[in-house]
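These notes concern the structure reproduced below.
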Number of protein chains: 2
Amino acid sequence: MQACYAGAMKRSDNKSHCPINFSLETFGDTWSLLIIRDIVYFGKKTYGEFLESEEGISSNILASRLVHLERKGILVKEPHESDKRKEIYLLSEKGLDVIPILLEMAGWGAKYDPETDAPQNWIAIVNADRERMTGLIRETVQNGGSIFTGPNSVVSKLAIT
Amino acid sequence: MQACYAGAMKRSDNKSHCPINFSLETFGDTWSLLIIRDIVYFGKKTYGEFLESEEGISSNILASRLVHLERKGILVKEPHESDKRKEIYLLSEKGLDVIPILLEMAGWGAKYDPETDAPQNWIAIVNADRERMTGLIRETVQNGGSIFTGPNSVVSKLAIT
DNA sequence: CATTTTTACTTTTGTAATGCAAGTTAAATT
DNA sequence: AATTTAACTTGCATTACAAAAGTAAAAATG
């Protein structure tokens with residue numbers, strides 16, 4: 001039940017102290033930001049939920065990324081209250097601070113992918129008041145909610161159709 | 001003299017139309033954002049300059065990433081005016097729109113790397129007025145300047161010590 | 001309460017990406 | 001004319017990733 005697969009993660013040996021490089025070394029691989037996205041946008045919290053991501057991450061890679069993100073202090077792992085098989089992964093403060101990066105990347109992708117899945121009214125709202133939305137999303141996620149999913153979602157609070 | 005090494009780039013086959021995934025497929029590999037950083041922060045423009053990056057990219061990988069970024073419309077390649085051996089790589093509009101993402105990542109890295117190279121007054125200025133600084137950086141880079149390097153650098157315009 | 005299912009991983013193995021060193025070609029410099 | 005520079009390319013070893021199957025503990029089911 002313990003994750004002992006350390007995984008490799010090249011370029012984790014601090015090639016420089018450029019802050020952008022530091023960020024990339026922490027969550028700049030292929031999957032880390034997608035895992036964080038699943039938490040922030042869709043309220044996912046367990047291994048099984050992450051495994052079902054749209055992009056199809058492999059189980060071994062997912063395990064290695066969760067270990068990596070936990071080690072880097074982005075994620076915190078706790079046992080599930082009632083179901084002792086489950087582990088709950090939550091964003092730490094450090095992890096919550098990645099949200100602004102996600103929002104910028106979502107804005108860029110929504111602008112340039114002609115077939116984007118992003119709801120344009122959502123993108124517009126975020127662009128209109130980035131700071132306020134960042135705060136609202138942060139609080140929501142901190143309380144176990146997410147942007148799109150669940151009863152306490154950000155979009156339901158804002159009554160976005 | 002022509003780059004025919006296409007490179008591979010896994011996950012370039014549009015696994016989803018999530019805007020974050022789209023961004024990651026475009027510039028979410030290990031090196032692309034560091035190349036864009038070199039342009040935006042240090043005014044680099046040629047293959048040789050990118051090759052000298054602090055993090056030490058391999059020549060074949062650099063070539064493949066430049067091709068990739070050009071194909072995705074992030075970079076534009078033009079011949080050097082006077083020296084016909086050189087190629088100049090510039091950011092397109094689409095590439096300039098990546099700047100806000102870089103700023104967020106720089107902010108995060110500067111906050112969490114205790115040994116960061118980032119000048120704290122620079123980070124503070126960006127955090128104080130993100131929108132204005134984004135515009136100023138964008139214009140500067142569009143005119144061939146950069147944040148830290150060169151006579152028309154953003155920091156020299158702002159007279160940051 | 002024995003069996004099946006679920007959950008969170010690990011292990012194995014093939015494939016693809018990366019990294020390093022050396023090589024190539026055209027243009028510029030000496 | 002010879003050397004150096006710039007922008008790549010090539011070959012090969014190493015590493016990371018992906019897919020599939022396997023494992024162990026806890027929970028649900030009959």
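The chains referred to below are lettered A, B, ... by the order of the sequence lines, with proteins before strands, and numbering in each begins at 1. Only a predicted model underlies this, so the values are computations on that prediction, with no experimental measurement involved.
For the OP1/OP2 pair of D:dA6 and a distance below 4.0 Å, the side-chain nitrogens and oxygens of B:Y89 include no atom meeting the criterion. Between A:R85 and D:dA24 there is no side-chain polar atom (N or O) within less than 4.0 angstrom of OP1 or OP2. Applying the 4.0 Å criterion to OP1 and OP2 of D:dA16, one finds that A:W31 has every side-chain N and O outside that range. The phosphate of D:dC8 has OP1 or OP2 within less than 4.0 Å of a side-chain N or O from B:K77. Phosphate proximity of D:dA19 to A:S58: present, with a side-chain N or O under 4.0 Å from OP1 or OP2.
When rounded to the nearest whole Å, the span between CG of A:L51 and C1' of D:dA21 equals 14 Å. The separation between A:D83 atom CG and C:dT5 atom P is 17 Å, rounded to whole Å. A straight line from CG of B:L66 to C1' of D:dA6 spans 13 Å, rounded to a whole angstrom. Between the P atom of C:dA17 and the CG atom of B:L62 lies a distance of 18 Å, rounded to the nearest Å. For the pair B:H68 NE2 and C:dA16 C1', the interatomic distance rounds to 16 Å; values are reported in whole Å. For the pair A:D29 CG and D:dA18 P, the interatomic distance rounds to 10 Å; values are reported in whole Å. Atom CG of A:L69 and atom P of C:dC9 are 13 Å apart (whole Å). Following rounding to the nearest Å, B:I57 (CD1) and C:dC20 (P) show an atom-to-atom distance of 11 Å.
Look at A:E70 and A:R65 and you find no salt bridge, because none of the NZ, NE, NH1 or NH2 atoms lies under 4.0 Å from a carboxylate O. The pair A:R130-A:E104 meets the salt-bridge criterion, with a side-chain N (NZ, NE, NH1 or NH2) lying under 4.0 Å from an Asp/Glu carboxylate O.
A donor N or O paired with an acceptor N or O is found under 3.5 Å between the base of D:dA18 and the side-chain atoms of A:N60. Scanning atom types as modelled, no donor and acceptor separated by under 3.5 angstrom connect the side chain of B:T30 and the base of C:dT18.
Atom CD of A:Q120 is surrounded by more than 12 heavy atoms from other residues, nucleotides or ligands within 6.0 Å.
Taken to the nearest 0.5 Å, the OG atom of A:S92 stands 7.0 Å off from the CG atom of A:L75.
In the set C:dC9, D:dC17, C:dA21, D:dC17 carries the atom at the smallest distance from any side-chain atom of A:I61. The side chain of B:E87 lies closest to D:dC8, out of D:dC17, D:dC8, C:dC9. Ranking C:dA8, D:dA27, C:dA22 by closeness to the A:K86 side chain, first place goes to C:dA8.
A heavy atom closer than 4.0 Å to some atom of DNA chain D occurs in no member of residues 40-50 of chain A.
One hydrophobic cluster, built from ILVMFWY side chains closer than 4.5 Å, holds both B:F148 and B:F50.
A:Y112 places none of its side-chain heavy atoms less than 4.5 Å from the side chain of B:T26. The shortest distance between side-chain heavy atoms of A:L91 and A:Q142 does not fall below 4.5 Å.
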Table please: side-chain donor-acceptor pairs of residues 35-42 of chain B below 3.5 Å, with sequence neighbours left out.
residue: B:R37; atom: NH1; partner: B:E55; partner atom: OE1; Å: 3.4
residue: B:R37; atom: NH1; partner: B:E55; partner atom: OE2; Å: 2.8
residue: B:R37; atom: NH2; partner: B:E55; partner atom: OE1; Å: 2.8

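Checking A:S59 against B:I88, the closest nucleotide of DNA chain D that is more toward the 5' end is the one next to B:I88.
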